[in-house]
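See structure below.
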There are 2 protein chains.
Amino acid sequence: MNLELSQTEENYLKAIFSLSLSRSKSVSTNAIAEKLDTKASSVTDMVKKLSEKKLIDYKKYQGVSLTEEGKKRAVKIIRKHRLWEVFLVKHLDFNWDEVHEVAEQLEHVKSIKLTNELDRFLEFPTHDPHGDPIPDADGNIDHHIDVMLASLHKNETCVVLGVKDSSPSFLKYLDGHEIKLGSEIIVLEKEEFDNSMQIQIADRKISISQQITKNLFVKKLGK
Amino acid sequence: MNLELSQTEENYLKAIFSLSLSRSKSVSTNAIAEKLDTKASSVTDMVKKLSEKKLIDYKKYQGVSLTEEGKKRAVKIIRKHRLWEVFLVKHLDFNWDEVHEVAEQLEHVKSIKLTNELDRFLEFPTHDPHGDPIPDADGNIDHHIDVMLASLHKNETCVVLGVKDSSPSFLKYLDGHEIKLGSEIIVLEKEEFDNSMQIQIADRKISISQQITKNLFVKKLGK
DNA sequence: ACTAATTTTTAGACATATCTAAAAATTAGT
DNA sequence: ACTAATTTTTAGATATGTCTAAAAATTAGT
Ligand SMILES: [Mn+2]
Ligand SMILES: [Mn+2]
Ligand SMILES: [Mn+2]
Ligand SMILES: [Mn+2]
């Protein structure tokens with residue numbers, strides 16, 4: 001039994017981890033297939049392999065969940081992914097919509113020293129460029145207080161903490177409207193009809209659709 | 001025909017490149033097998049594949065050599081490898097004997113922007129931690145002026161520019177004797193019998209074997 | 001030039017990871 | 001509870017990269 005995982009195996013663990021956060025409980029074969037853009041039959045094969053390695057619990061037709069060891073491995077990969085994203089934005093002049101693809105590769109580099117030294121070099125960042133929390137060296141990870149902008153009411157004020165969708169197209173949309181992490185938003189109007197919002201951000205008033213408001217993590221501001 | 005090369009294919013190109021520098025002309029199947037710690041039969045298979053991709057010239061039983069395109073690819077990988085080594089030593093507190101293994105992984109990350117931004121971030125270094133020259137973005141590369149310490153005579157003085165062998169064991173030996181890039185060395189004696197040398201380095205006098213003197217690139221100092 | 005040693009290639013096998021198509025199991029609808 | 005739709009698994013193929021053992025070609029020695 002090989003302790004070193006292939007990049008593919010690591011990607012499966014990460015996918016299962018992130019799927020169990022939302023849908024909780026056990027994760028279906030199809031959900032994994034969709035997330036990884038592969039076929040259900042391929043997932044079944046891999047799931048058997050990871051199960052033999054005791055990284056996931058799997059019973060035929062019952063879906064899968066990560067074991068403690070599997071969870072540990074997944075968190076380590078996520079830690080690396082997010083640290084590299086911080087590096088790319090802070091030091092290599094990448095925009096937040098360009099980092100994901102590169103971090104997908106960097107996250108598989110195996111060296112504990114590399115990860116921890118990178119963490120130190122970056123001065124132990126707590127969040128990545130998309131507002132996602134970075135696990136510490138022991139695997140502890142803060143979870144999102146998932147308040148979406150969509151849940152706010154007229155006249156409430158908030159600050160943008162993160163994005164749920166971090167696809168380049170969404171991030172470019174936000175860039176285009178100068179919505180960034182830390183931006184303060186006031187909800188001026190909320191349309192009953194399509195749930196779009198009229199908001200004030202800095203000194204601009206704009207209208208954004210529910211597609212947008214459902215993908216922005218925010219913190220409500222007292223008052 | 002896939003333009004993206006696998007890590008394995010990249011490693012073959014790099015191996016062939018470095019073998020053609022020393023032995024020049026065409027590189028033998030066995031030499032590649034030894035360099036990559038694999039079997040001759042595996043090399044034959046891969047060599048056919050790279051030949052189909054027009055990255056090497058290959059005729060049965062005649063050995064191989066890189067095409068222009070193959071050379072370009074090899075140099076790009078070497079550029080990445082060496083830039084990452086600089087990063088690890090300068091910013092992540094790695095010793096020069098720890099970087100190679102990690103750079104072997106990092107060199108395969110695909111992103112031209114990543115490479116060029118890293119180069120800028122490092123302020124366009126010309127040499128890696130082992131004294132090897134770093135190709136520029138256009139693939140231009142200085143070649144070693146390969147004067148080895150072994151070729152010097154009694155009373156000649158030189159400065160250490162690089163190491164030929166960059167195995168951890170050799171590098172640790174050098175650390176143990178405080179021999180670094182930039183160290184000035186005076187040849188005090190040269191033994192006829194075993195070619196070992198008595199040298200002066202800083203204010204210490206030490207004796208080093210031919211195994212060592214044959215693996216240190218130096219620049220002679222006028223007088 | 002012939003034989004022996006060495007190098008290189010081929011043949012056939014195996015492991016990983018993927019796919020399509022068909023079969024089996026589960027779930028949903030009435 | 002039965003049937004239909006959906007999900008999941010199996011079976012069989014393909015592609016990559018590796019290996020051992022045997023065959024073929026080259027090179028070296030006399
Ligand atoms: Mn990402
Ligand atoms: Mn991210
Ligand atoms: Mn190296
Ligand atoms: Mn080096």
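Residue numbers start from 1 in every chain, and the chains themselves are labelled A, B, ... in the order their sequence lines are given, proteins ahead of strands.
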Starting from P on D:dT8, measure out to CD1 on A:Ile32 and report it in whole angstrom. 9 Å
Are B:Lys60 and C:dT7 close enough that a side-chain N or O sits under 4.0 Å from OP1 or OP2? no
Take atom NZ of B:Lys39 and atom C1' of D:dT20, then tell me their distance rounded to the nearest Å. 8 Å
Salt bridge or not between B:Lys113 and A:Asp93? Use side-chain N to carboxylate O under 4.0 Å. no
Check: B:Asp142/B:His127 side-chain N/O donor and acceptor closer than 3.5 Å: no
With a 4.0 Å cut-off on heavy atoms, is A:Thr8 in touch with a base, just the backbone sugar-phosphate, or nothing at all? sugar-phosphate
Let me know the distance between CG of B:Asn30 and P of D:dA25, rounded to the nearest Å. 18 Å
For C:dA22, the Watson-Crick or wobble counterpart (both distances under 3.5 Å): D:dT9
How many whole angstroms separate atom CD of B:Glu52 from atom P of D:dA15? 13 Å
Non-hydrogen atoms of B:Glu85 and B:His81 that approach each other most closely: OE2-NE2, 2.7 Å
From OH of A:Tyr61 across to P of C:dA23 the rounded distance in Å is 13 Å
Can you see if the side chain of B:Tyr58 gets near the phosphate of C:dT9 - specifically, an N or O under 4.0 Å from OP1 or OP2? yes
What's the NZ-C1' distance between A:Lys48 and D:dA11, to the nearest Å? 10 Å
Should B:Thr29 be listed as having a side-chain N or O under 4.0 Å from OP1 or OP2 of C:dT7? no
Base C:dT8 to side chain B:Ser41, donor-acceptor N/O within 3.5 Å cut-off: no
Whole-Å distance, A:Gln7 CD to C:dT16 C1', equals 14 Å
Watson-Crick/G-U partner (both atom distances under 3.5 Å) of D:dT14: C:dA17
Is the shortest side-chain N/O distance from A:Thr44 to OP1 or OP2 of D:dT10 below 4.0 Å? no
Let me know the distance between CE of A:Met46 and C1' of C:dA15, rounded to the nearest Å. 12 Å
Taking the side chain as C-beta and beyond, is there a heavy-atom pair between A:Lys59 and A:Ser51 under 4.5 Å? no
Both distances below 3.5 Å, Watson-Crick or wobble geometry, any strand: find the nucleotide opposite D:dG29. C:dC2
5' priority, DNA chain C, between B:Gly63 and A:Thr38 [closest heavy atom]: B:Gly63
Return yes if a side-chain donor-acceptor contact under 3.5 Å exists between B:Lys35 and B:Ser18, otherwise no. yes
